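A quick write-up on the structure given underneath.
Whatever order the structure lists ligands and atoms in, that order sets their numbers, starting from 1. Owing to the predicted nature of the structure, the values given are computational and were not obtained by experimental measurement.
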Amino acid sequence: MIALGTWPTPIEEAPRLAARLGLDRLLIKRDDLVGLGGGGNKVRKLQYTCAEGVAAGARMLITSGAPQSNHARLTAAAAARLGLGCILVLTGERPADQRGNLLLDDLAGAEIVWTGDRASDDVVAEVAAAHSDAYVIPFGGTSATSLQGYVDCARELREQAGDFDHLVVAVGSGGTMAGLVRELGPERVLGVHTGAVPDSRTVVADLLDLDPALLRIDDSQVGAGYGTVTKAVREALRVTARVEGIFLDPTYTGRAMAALLASGLRGRVVFLHSGGLPGLFAH
Ligand SMILES: *Cc1c(COP(=O)(O)O)cnc(C)c1O
């Protein structure tokens, strides 16, 4: 493991939002405040994947994602911090404006390769073959090794949060939820499907070699698809900003909060703020 962030991240009471939701207690775990590159959950995973890359002698990191990938932005920042080169393979065509995460990718010095209509994996393989000193980090930074980053987070939560009934977390490539479930068990962790992968339940269960039926997944917040901003998400962003002064992102944490608002959950809840704010500025 290579330290890239500032640990432990803070945890904060959200009493006004708790009252509004009828919860006994709401705590927000601030993994948007990890220190590196604008923050977010990908830093905990990158601490493990980057360590593997450096141990393998890599001078360059390659990864892939959607144009507004938070993982790509944080890989660019991690590469800068470690003195490595960085190539990001992003899906589709280069947009006219370099907004949100794309602006930050460029500031951090990453080279961007657009896939056009080709499969991302094919383009990654081609770019990797042309750079013998490169280390390829998988989609979303999720691997059997890197989910350990969220085992680490779950251990921080044990210290900081005391007893709680539910932990609400957005699911993309699945590593974040998988690490939390590995340490805390499946009963208390509620994953909110974002549409980043076709089936969150299978992805997380496969990472853990667990019966998928044991996992709690809320499928209600995808709307018209991963890249779209739903009415419920707009409302969740507004409520959280107006009641607690905390900004969420439209793709992941906005969906997770929208799910919590609609859930009717009771008791003591922890909400994982997994970052992603730069993506808001691409909408
Ligand atoms: C990637 C991401 C997630 C999901 O994490 P996974 O480990 O890929 O499931 C949640 N929130 C934000 C802001 C993200 O960027």
Where ligand 1 meets Val171 - atom numbers and elements under 4.0 angstrom, heavy-atom basis: 9 (O)
Closest protein heavy atom (residue, atom, distance) for atom 1 (C) of ligand 1: Lys42 NZ, 1.4 Å
Which of the ligand 1 atoms, numbered from 1, are nearer than 4.0 Å to a heavy atom of Asn70: 13 (C), 14 (C), 15 (O)
Contact with ligand 1 for Gly40, non-hydrogen, under 4.0 angstrom: no
Side-chain hydrophobic cluster, 4.5 Å single linkage: members besides Met1: Tyr48
Over 12 foreign heavy atoms within 6.0 Å of CZ, Phe164: yes
Val169, portion touching ligand 1 at heavy-atom distance under 4.0 Å: neither
Contact atoms of ligand 1, heavy-atom distance to Lys45 under 4.0 Å: 6 (P), 7 (O), 8 (O)
Atoms in ligand 1 flagged as close to Thr176, the criterion being non-hydrogen separation under 4.0 Å: 5 (O), 6 (P), 7 (O)
Test item: Thr142 side-chain N/O and Gly175 main-chain N/O as donor-acceptor pair under 3.5 Å: yes
For Gly174, the ligand 1 atoms whose distance to one of its heavy atoms is below 4.0 Å: 6 (P), 7 (O), 8 (O), 9 (O)
Pair Lys29, Gln160: side-chain N/O donor-acceptor within cut-off below 3.5 Å: yes
Proximal atoms of ligand 1 relative to Gly175 (non-hydrogen, under 4.0 Å): 7 (O), 9 (O)
